[in-house]
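Taking it in order: structure first as structure tokens, then the write-up.
So you know, we letter chains A, B, ... as the sequences are listed, proteins then strands, and number each from 1.
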Number of protein chains: 2
Amino acid sequence: MNLEDAKNKFIQSWGTLGSQWGINRTMSQIHALLLVSAEALSAEDVMEQLNISRGNANMNLRALMDWGLVTKEIKPGDRKEYFFAGKDMWEVARKITYERRKREIEPILQVVNELKKENITGKNKEEIAAFSDTIEELSKFTNNANSIVDKFIKSDENWFYKTLMKLVK
Amino acid sequence: MNLEDAKNKFIQSWGTLGSQWGINRTMSQIHALLLVSAEALSAEDVMEQLNISRGNANMNLRALMDWGLVTKEIKPGDRKEYFFAGKDMWEVARKITYERRKREIEPILQVVNELKKENITGKNKEEIAAFSDTIEELSKFTNNANSIVDKFIKSDENWFYKTLMKLVK
DNA sequence: ATTAACTTTCAGAAAGTATTGAAAGTTTGA
DNA sequence: TCAAACTTTCAATACTTTCTGAAAGTTAAT
């Protein structure tokens, strides 16, 4: 298989995947493109290779930089900005996890911990008990999940890698 | 705060959250509603409490049953079907993880492992090397992630709970 | 200070998803 | 066997998200 086809297959798949990971398709595709490019690419390059508009390229490159997955690079004697992606997958995973935790864990933590503090009133005692139990269980669970994810985000690659791999054995 | 308001707050939040977890809003809301109900509810009950159509209620209750998060219950002497949600959060997490792995990890595994086997041809050797390195790293990473998730899905609650909690300390 | 090279913004268009509700299908009891 | 009680389906519609491209903004060299 020639390089172009292989790249395209990868970019295509990574794009689809990304959209299921809650990351938009173009953002994942740009990320994929930069991951498999030896050189940093300009916005123009990205637009051409993925057939997307200037606005779309710009927006998603910025988002990738916000996430810390992509970095700008200035080449001396050239006014264009060039972009490249970090290739360390554990780093990539950590950065994606960080962003997703913000969106997926923190909000539920907040609501659940708030509800836990409330004194629930009402006539149906059974229903109140069911509600409080669920909230209590959920609170425990979410707080634990959050701690684990936090550990992952902050841990250095090797330690976490080794520890987890021991689990799997 | 009275029970109704607390329930609604929870259902609302769980719904929004779910949509960020790649689960559709109504599906999460129904799940939340059943999680905090002491009794099993009929499709009619669900429609009323969430203000959704019959079709929507039906579709999403079925999806929840496919995921194994909700179970049908027949009450003797009643032709309606009643639905209730399992309250064990580790079980819930395992089931959601199982479904999400199918969507989020398996497809990338397949593509990456396929690409890894290919013999990439082309003139730019540097580009080929960059591509192969990325795929190789990604393959290692994804396969490891998959093993860990698999372990989680199959593990019994206590073992995994204890092991993970030790990590966090 | 001007202008050419580039980047950013944003309103409208397009694409993608979820929801409705009416009609068709199924089951159960008499 | 019939019909009432319920469940399922699906085409049309509404809603949400993403993308485009032209216009505005910025920067750097002369």
Side-chain angles (χ1 to χ4, degrees), chain A residues 11-12 14-34 40-67 70-84 99-100 103-104, chain B residues 11-12 14-34 40-67 70-84 99-100 103-104:
Chain A
I11 290 168
Q12 211 43 51
W14 195 246
T16 309
L17 230 272
S19 64
Q20 274 162 331
W21 275 74
I23 294 162
N24 99 33
R25 212 183 74 238
T26 307
M27 187 169 159
S28 321
Q29 285 182 340
I30 298 178
H31 189 217
L33 173 62
L34 295 177
L41 303 182
S42 68
E44 209 82 23
D45 295 335
V46 170
M47 286 166 58
E48 271 172 31
Q49 298 213 38
L50 300 179
N51 275 292
I52 59 174
S53 70
R54 188 170 297 288
N56 197 9
N58 182 268
M59 254 187 53
N60 285 295
L61 279 167
R62 193 146 40 76
L64 283 165
M65 289 190 293
D66 287 346
W67 285 41
V70 161
T71 313
K72 234 184 229 181
E73 188 181 79
I74 308 286
K75 296 193 185 178
D78 191 339
R79 282 179 61 181
K80 276 198 199 107
E81 294 173 334
Y82 291 83
F83 301 90
F84 70 95
E99 294 295 329
R100 296 188 82 192
R103 290 198 287 164
E104 299 181 2
Chain B
I11 290 168
Q12 210 44 51
W14 196 244
T16 309
L17 229 272
S19 63
Q20 273 162 331
W21 274 74
I23 293 162
N24 99 34
R25 210 182 76 238
T26 306
M27 186 171 160
S28 320
Q29 285 181 340
I30 297 178
H31 188 217
L33 172 62
L34 294 177
L41 303 183
S42 68
E44 211 81 22
D45 294 334
V46 170
M47 285 164 58
E48 270 172 31
Q49 297 212 39
L50 301 179
N51 275 295
I52 59 174
S53 71
R54 189 169 296 288
N56 197 9
N58 183 269
M59 252 188 54
N60 285 295
L61 279 167
R62 193 147 41 75
L64 284 164
M65 288 190 292
D66 287 348
W67 284 41
V70 161
T71 313
K72 234 184 229 180
E73 187 180 79
I74 308 287
K75 295 193 184 177
D78 191 339
R79 284 178 59 180
K80 276 196 199 112
E81 295 174 333
Y82 291 82
F83 301 90
F84 71 93
E99 294 295 329
R100 297 190 81 192
R103 292 198 286 163
E104 300 181 0

Terminal contacting nucleotides, 5' and 3', DNA chain C versus chain B (heavy atom, 4.0 Å): dA18(C) to dT28(C)

N/O donor-acceptor pair under 3.5 Å between Asn60(A) side chain and Asn56(A) backbone: yes

Main-chain N/O of Ala63(A) paired with Asp66(A) side-chain donor or acceptor, under 3.5 Å: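 Between the backbone of Ala63(A) and the side chain of Asp66(A) there is no qualifying donor-acceptor contact (under 3.5 Å).
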
Side chains of Leu41(A) and Gln49(A) in contact at under 4.5 Å (non-hydrogen atoms):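 Yes; the side chains approach each other to less than 4.5 Å.
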
Side chain proximity check, Val46(B) to Thr26(B), heavy atoms < 4.5 angstrom: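 In short, these two side chains do not touch, never coming nearer than 4.5 Å.
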
Position toward the 5' end of DNA chain D (nearest nucleotide), Thr26(A) or Arg25(B): Arg25(B)

Please tabulate, one pair per line, each protein N/O and nucleotide N/O from nucleotides 28-30 of chain D that are separated by under 3.5 Å, including the distance.
none

Nearest-angstrom distance from the residue atom CG of Asn51(A) to C1' of dG21(D): 15 Å

Whole angstrom value for the distance that separates P of dC6(D) from NZ of Lys75(B): 13 Å

Worked check of side-chain contact (heavy atoms from CB on, under 4.5 Å) between Met27(B) and Trp67(B): CA-CA 11 Å; Met27(B) 186 171 160; Trp67(B) 284 41; 3.6 Å; yes

Heavy-atom pair with the smallest gap, counting every atom of Lys80(B) and Asp78(B): N-OD1, 3.0 Å

Pair Glu81(B)-Ile74(B), side-chain contact (heavy atoms from CB on, under 4.5 Å): steps then yes or no: CA-CA 5 Å; Glu81(B) 295 174 333; Ile74(B) 308 287; 4.0 Å; yes

